[in-house]
Protein chains: 2
Amino acid sequence: MSRAPTPTSAGRTRARKGEGELLHSEILDAAERLLIETGSEEAVSIRRIAEAVGVTPPSIYLHFADKDELLLAVCERQFGELHRVMEEAVVGVDDPVEQLYRRGKAYVRFGLDHPEQYRILFMRAADHTMGGPDAERVRSASSFDHFVDAVARAVDSGALPKDSDPLVVALELWSVVHGITSLLIAKPMFDWPDPDALTDHLLTSACAGLMTTPPFSAPQRRRSRR
Amino acid sequence: MSRAPTPTSAGRTRARKGEGELLHSEILDAAERLLIETGSEEAVSIRRIAEAVGVTPPSIYLHFADKDELLLAVCERQFGELHRVMEEAVVGVDDPVEQLYRRGKAYVRFGLDHPEQYRILFMRAADHTMGGPDAERVRSASSFDHFVDAVARAVDSGALPKDSDPLVVALELWSVVHGITSLLIAKPMFDWPDPDALTDHLLTSACAGLMTTPPFSAPQRRRSRR
DNA sequence: CCGATAAGTTAACGGCGTTATCTTCAGCCC
DNA sequence: GGGCTGAAGATAACGCCGTTAACTTATCGG
């Protein structure tokens with residue numbers, strides 16, 4: 001009756017010429033909301049996002065190259081907080097190994113708090129850019145470089161074997177926390193014990209093992225064990 | 001010219017009335033081949049499988065409930081071998097901890113040898129059956145129960161702390177090997193050191209940590225560490 | 001006020017998983 | 001041996017998807 005536009009569901013007025021950056025973040029918000037609500041990547045379609053924002057599907061492509069880029073942007077926005085959370089987890093902790101432990105715990109908890117985003121970032125192939133940029137984005141989202149620094153401090157303190165390569169140790173610890181996080185996300189119906197306590201114990205074991213095991217050395221022919 | 005049927009591409013003659021079980025395994029073969037060739041789950045469409053087998057898409061549904069069931073069947077057929085491979089890896093090994101180590105190495109190697117199947121089985125949500133049967137199928141595909149038994153032998157031998165819960169330790173070791181396997185599969189462009197040597201070192205550390213760390217205990221209020 | 005251009009729409013393409021409905025042929029009994 | 005039955009498979013279609021080409025509309029600089 002009135003001349004309200006009401007194109008689909010939400011009435012939208014066209015953005016000013018400066019930038020449709022407003023729509024940009026509105027799209028991110030809607031995509032994130034749908035992702036959390038449905039709990040599944042493929043249930044979040046471009047068409048549903050567009051409808052939620054009150055716009056037609058092709059308009060999404062004015063702001064994101066494709067669906068993958070959009071989902072990645074949602075996840076990266078969320079995981080920008082991971083670094084902050086990890087830093088908060090180590091305030092007032094002097095022992096650098098205890099710091100590693102706390103960072104690990106914070107990582108697992110953060111992943112379990114944002115399972116869909118975690119899955120998209122870390123449990124999929126990187127077919128998207130395949131080779132270059134994606135590695136950097138994953139590094140950034142996982143705060144990997146800060147983790148390497150934290151490991152380096154532990155090596156310098158003498159708590160970890162002197163010749164340990166911080167990069168390798170960080171990759172190993174990352175494997176451990178990623179393993180438990182991703183399994184808990186992907187297979188929650190397994191009869192898991194309390195995730196927090198399990199993470200506690202596993203990280204304690206892993207740190208103890210790394211402190212007492214001779215450091216990694218490159219692929220010499222056949223390594224001796226035990 | 002001749003009266004060859006040639007419905008789409010491969011000439012197929014209708015199966016005998018006994019069962020189209022022939023087609024059943026032909027579909028599995030084609031799906032597996034496509035999965036390996038394309039290296040991506042969503043590139044394997046029902047239509048492409050049907051074309052490869054020489055049949056129309058709906059015929060697939062005479063043999064499999066849906067696409068997910070078909071893909072799962074492909075993966076389970078492959079991972080039926082995992083148990084055998086792990087058993088082969090421990091022949092002649094007496095030390096039960098060394099056995100755990102070798103099982104872990106075999107698991108990682110097998111996963112890396114069949115990355116697409118690994119991803120489908122262990123890196124996706126179990127939305128499919130969600131709750132019941134899937135847990136059993138994952139248990140079976142990962143040979144988890146045999147792994148628990150192997151851990152129990154290590155506990156009985158005294159190599160692992162006396163009161164360790166074999167189920168919990170097995171979950172922890174599974175987390176470790178799954179972590180490194182899935183990260184290597186999902187993020188191969190990271191600058192990984194040699195996967196074999198890395199798995200060596202990580203498993204050695206993990207076993208050492210588990211042998212020296214007090215056993216896991218249930219979620220009492222606040223656990224002490226270090 | 002008027003063109004340029006950014007913001008958004010309309011219409012459509014090709015592909016997907018899946019279903020309802022129809023055809024055809026192998027096997028069985030009389 | 002001829003007709004019935006039921007399994008194996010085909011045809012056609014539905015509704016969804018991501019994405020693109022082409023068009024419209026409103027905002028802003030001059």
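Just so we're on the same page: letters track the sequence lines, and every chain starts at 1.
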Does Y118(A) have its ring centroid less than 6.0 Å away from the ring centroid of F110(A)?
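Ring-ring flag for Y118(A)/F110(A): false, centres at least 6.0 Å apart.
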Could you please name the option among [options] that lies closest to any side-chain atom of [X]?
X      : options                   : value
K67(A) : dG18(D), dA11(C), dG17(C) : dG18(D)
S45(B) : dT18(C), dG9(D), dC16(C)  : dC16(C)
R47(A) : dA12(C), dG8(C), dT9(C)   : dA12(C)
P57(B) : dT18(C), dA10(D), dT9(C)  : dT18(C)

Rounded to whole angstrom units, what separation is found between the [atom1] atom of [X] and the [atom2] atom of [N]?
X      : N       : atom1 : atom2 : answer
L71(B) : dC16(C) : CG    : C1'   : 14 Å
I60(A) : dT20(D) : CD1   : C1'   : 15 Å
Y61(A) : dA12(C) : OH    : C1'   : 14 Å
R48(B) : dG17(C) : CZ    : P     : 10 Å
L70(A) : dT19(D) : CG    : C1'   : 14 Å
L62(A) : dA22(D) : CG    : P     : 16 Å
F64(A) : dT20(D) : CZ    : P     : 16 Å
H24(B) : dA8(D)  : NE2   : C1'   : 15 Å

Can [X] and [Y] be counted as an ion pair, charged N to O under 4.0 angstrom?
X       : Y      : result
R119(B) : E41(B) : no
R84(A)  : E81(A) : yes
E51(B)  : R47(B) : no

Quick one: is H63(B) getting a side-chain N or O under 4.0 Å of the dG9(D) phosphate, OP1 or OP2?
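Checking dG9(D) against H63(B), a side-chain N or O does come within under 4.0 Å of OP1 or OP2.
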Taking C-beta and beyond as the side chain, do L70(A) and L28(A) meet within less than 4.5 Å on heavy atoms?
yes
Which part of the nucleic acid, if any, lies within contact of S59(A), taking any heavy atom under 4.0 Å across all strands shown: a base, the sugar-phosphate backbone alone, or nothing?
base
